[in-house]
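Quick one: structure below, then a few questions.
Labels below follow one simple rule: chain letters A, B, ... track the order of the sequence lines, proteins then strands, and each chain is numbered from 1.
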Number of protein chains: 2
Amino acid sequence: MTNRILNDYISVDCVIFGYNDNELQVLLVERTLTKESTKEIEFTDLTLTGNHIYEDETIEDAAYRVLYDRTGLDNVYLEQFKAFAHPNRLKKEKDRKWLIHDGRDPEQRIVSIGFFSLISTRNIIVESKCGIAKWVPLSEIGELAFDHNQIVEEALKALRSKIKHEPIGFELLPEKFTLTELQHVYEVILGTELDKRNFRKKIGRMKYLVPLDEKQKGVAHKPARLYMFSRDVYEKTRKEMFDFTV
Amino acid sequence: MTNRILNDYISVDCVIFGYNDNELQVLLVERTLTKESTKEIEFTDLTLTGNHIYEDETIEDAAYRVLYDRTGLDNVYLEQFKAFAHPNRLKKEKDRKWLIHDGRDPEQRIVSIGFFSLISTRNIIVESKCGIAKWVPLSEIGELAFDHNQIVEEALKALRSKIKHEPIGFELLPEKFTLTELQHVYEVILGTELDKRNFRKKIGRMKYLVPLDEKQKGVAHKPARLYMFSRDVYEKTRKEMFDFTV
DNA sequence: ATCACTTAGTGTACTTTTTACAATTTATAA
DNA sequence: TTATAAATTGTAAAAAGTACACTAAGTGAT
């Protein structure tokens with residue numbers, strides 16, 4: 001790997017989703033902006049995690065690298081969903097007289113290739129070498145830098161669409177999880193309430209969800225059985241569907 | 001519009017699908033390569049339709065423009081499905097000593113943002129100002145320039161996935177079409193045979209498919225009823241589904 | 001006018017899935 | 001022992017999926 005970037009104007013940006021406190025959260029990074037003239041700190045901002053693409057990387061390589069540098073995790077769910085080029089981004093940032101604290105000009109990244117990632121929050125070390133990252137519940141995201149609000153919007157759309165047709169909900173949960181937790185993940189992402197019995201009946205037909213001989217510990221009520229996702233079974237039993245809406 | 005390109009290294013590439021002779025076809029463009037030294041024509045190649053993104057365009061704007069320049073059509077189905085950056089593309093093309101006939105260096109476009117488009121073949125004028133385009137059945141596509149084979153592959157995957165969940169099949173047909181034609185489109189795209197009665201039962205439940213008081217003309221058998229897609233009805237009746245595979 | 005030919009159009013019985021809905025079980029904590 | 005909290009489970013009715021074969025309505029040839 002050369003570390004020479006492919007192009008100054010292209011970056012990957014990653015919408016990192018986590019699930020905690022019964023909410024869908026996004027991992028955002030603080031960006032410190034200084035005045036070009038005085039070098040004084042003007043204010044801080046929140047951005048997605050992103051970076052350039054190196055010369056000898058595919059776009060996916062770059063995204064996995066970005067994700068690893070931010071979270072220390074690999075083998076996580078990551079999916080490219082859309083590329084963005086805001087013709088106004090250039091202008092909007094040019095009008096300002098700010099620099100990012102490391103001296104980079106914030107206008108540089110023009111085309112951004114959006115990925116979303118699902119990670120199990122508990123594994124993650126939020127502090128990393130490149131800036132301070134923090135989990136922000138979707139409902140509390142304010143105005144982000146650049147066009148990152150739009151990217152989050154579209155990532156959420158892509159996630160909603162994807163989760164309806166492929167079993168990816170458990171990617172937001174620890175390896176072993178209860179059916180109620182899984183149901184909550186679906187409810188939070190889809191924004192609807194689901195009937196407990198029907199959810200279990202439906203998901204129960206999916207062979208890839210394997211019940212363990214293990215139960216929740218330390219809860220003040222009947223402990224729930226734990227389950228795991230088996231990719232193996234999934235690959236073997238997956239069949240394509242043919243359903244169009246309405 | 002300035003016509004100043006955003007960036008030399010980024011392009012949009014469009015996989016234009018058409019349906020004819022009961023086959024899925026792709027509109028491809030001949031590229032003439034000349035030797036850099038002698039300017040002699042070395043050979044011709046086939047590529048997708050693509051172009052750079054202008055400074056004041058969104059990526060989608062650029063794709064619609066590219067499609068319009070190639071086909072003379074607007075208001076067609078167009079969808080961004082994936083961005084590509086082949087780290088090897090640069091090298092592969094650099095090793096050769098060719099130029100495209102207009103003098104451009106073929107290595108220039110590095111990141112390509114892929115779209116696919118569905119058009120009703122009968123409306124299209126294939127001759128256009130920028131090169132000769134021709135319809136090639138999917139089964140007969142040989143080796144394309146750059147990584148365009150991969151882009152076509154992925155476009156097809158995206159199309160297959162999309163058509164399972166959204167009503168876009170008729171985009172490949174004239175405004176008025178028969179149910180048999182529609183069924184053939186689904187069969188060709190999905191690569192499976194469908195039962196005529198079951199297909200009609202299923203699609204018949206979709207209110208957006210409106211039967212007309214009009215029949216096929218000039219066929220040597222019982223003429224079929226013609227149908228139209230009503231986007232209006234679709235928008236109104238569309239409801240989200242929650243189905244995961246297996 | 002009849003007939004041969006070709007594709008359009010339709011129904012039924014069976015299985016599976018969806019949907020709406022509430023009582024019982026099993027653990028902890030007081 | 002009891003109160004509490006969440007887990008777990010079933011059923012009946014409606015809708016959708018599946019497998020399967022005959023009749024209808026045109027054209028073109030005789």
Exercise. From the options T49(B), L73(B), L48(B), L78(B), select the one residue that forms a side chain to side chain contact (heavy atoms under 4.5 Å, CB included) with I16(B).
Key: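 Running side chain to side chain contact (heavy atoms under 4.5 Å, CB included) over T49(B), L73(B), L48(B), L78(B) with I16(B) returns exactly one hit, T49(B).
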Quiz item: For R197(A) and dT9(D), what is the distance between atoms CZ and P respectively, to the nearest whole Å?
Solution: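 That distance rounds to 12 Å.
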Quiz item: Atom CG of D195(A) to atom C1' of dT17(C): distance rounded to whole Å?
Solution: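 Distance check: D195(A) CG to dT17(C) C1' gives 14 Å.
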Practice problem: Please list, chain by chain and in numerical order, all residues satisfying salt bridge (charged side-chain N to carboxylate O under 4.0 Å, His left out) with K176(A), sequence neighbours excluded. | Solution: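 Salt bridge (charged side-chain N to carboxylate O under 4.0 Å, His left out) list for K176(A), sorted by chain: E214(A).
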Protein-nucleotides 6-8 of chain C N/O pairs under 3.5 Å:
from, atom 1, to, atom 2, distance (Å)
dA8(C), OP1, T180(B), OG1, 3.0
dA8(C), OP2, T180(B), OG1, 3.2

Practice problem: Quickly work out the K215(A) NZ to dT28(C) P distance and round it to whole Å. | Solution: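 Interatomic distance, NZ of K215(A) to P of dT28(C): 11 Å.
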Quiz prompt | Rounded interatomic separation in angstrom, taking CZ from F199(A) and C1' from dT19(C) | solution =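 My rounded result for the distance is 16 Å.
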Quiz item: Of all residues at least two apart in sequence or in a different chain, which pass the salt bridge (charged side-chain N to carboxylate O under 4.0 Å, His left out) check with K196(A)?
Solution: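 Result, salt bridge (charged side-chain N to carboxylate O under 4.0 Å, His left out) vs K196(A): none returned.
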Quiz item: Which residues satisfy the ring-ring contact (aromatic ring centres under 6.0 Å, His included) test with Y186(A), sequence neighbours excluded?
Solution: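 Scan of Y186(A) (ring-ring contact (aromatic ring centres under 6.0 Å, His included), adjacent residues dropped) gives F199(A), F242(B), F244(B).
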Quiz item: When you look at L156(B) and V15(B), which way does the side-chain contact (heavy atoms from CB on, under 4.5 Å) test go after all the steps?
Solution: CA-CA 9 Å; L156(B) 188 59; V15(B) 182; over 6 Å; no
Exercise. Work out which heavy atom in A224(A) is nearest to a heavy atom in T178(A); give both atom names and the distance.
Key: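 For A224(A) and T178(A), the tightest heavy-atom pair comes out as CB-CG2, 3.6 Å.
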Exercise. For the pair Y208(A) and F229(A), evaluate ring-ring contact (aromatic ring centres under 6.0 Å, His included) and give the outcome as yes or no after the intermediate values.
Key: CA-CA 6 Å; Y208(A) 54 69; F229(A) 173 77; 5.3 Å; yes
Self-check item: Partners meeting salt bridge (charged side-chain N to carboxylate O under 4.0 Å, His left out) with E23(A) (sequence neighbours left out)
Solution: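 If we apply the salt bridge (charged side-chain N to carboxylate O under 4.0 Å, His left out) test to E23(A), skipping adjacent residues, there are no hits.
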Quiz item: dG9(C) P sits how many Å from I203(B) CD1, rounded?
Solution: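 Roughly 14 Å, once rounded to whole Å.
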Would you tabulate the nitrogen or oxygen pairs shorter than 3.5 Å linking the protein to nucleotides 11-16 of chain D?
from, atom 1, to, atom 2, distance (Å)
dT11(D), O4, K201(A), NZ, 2.8

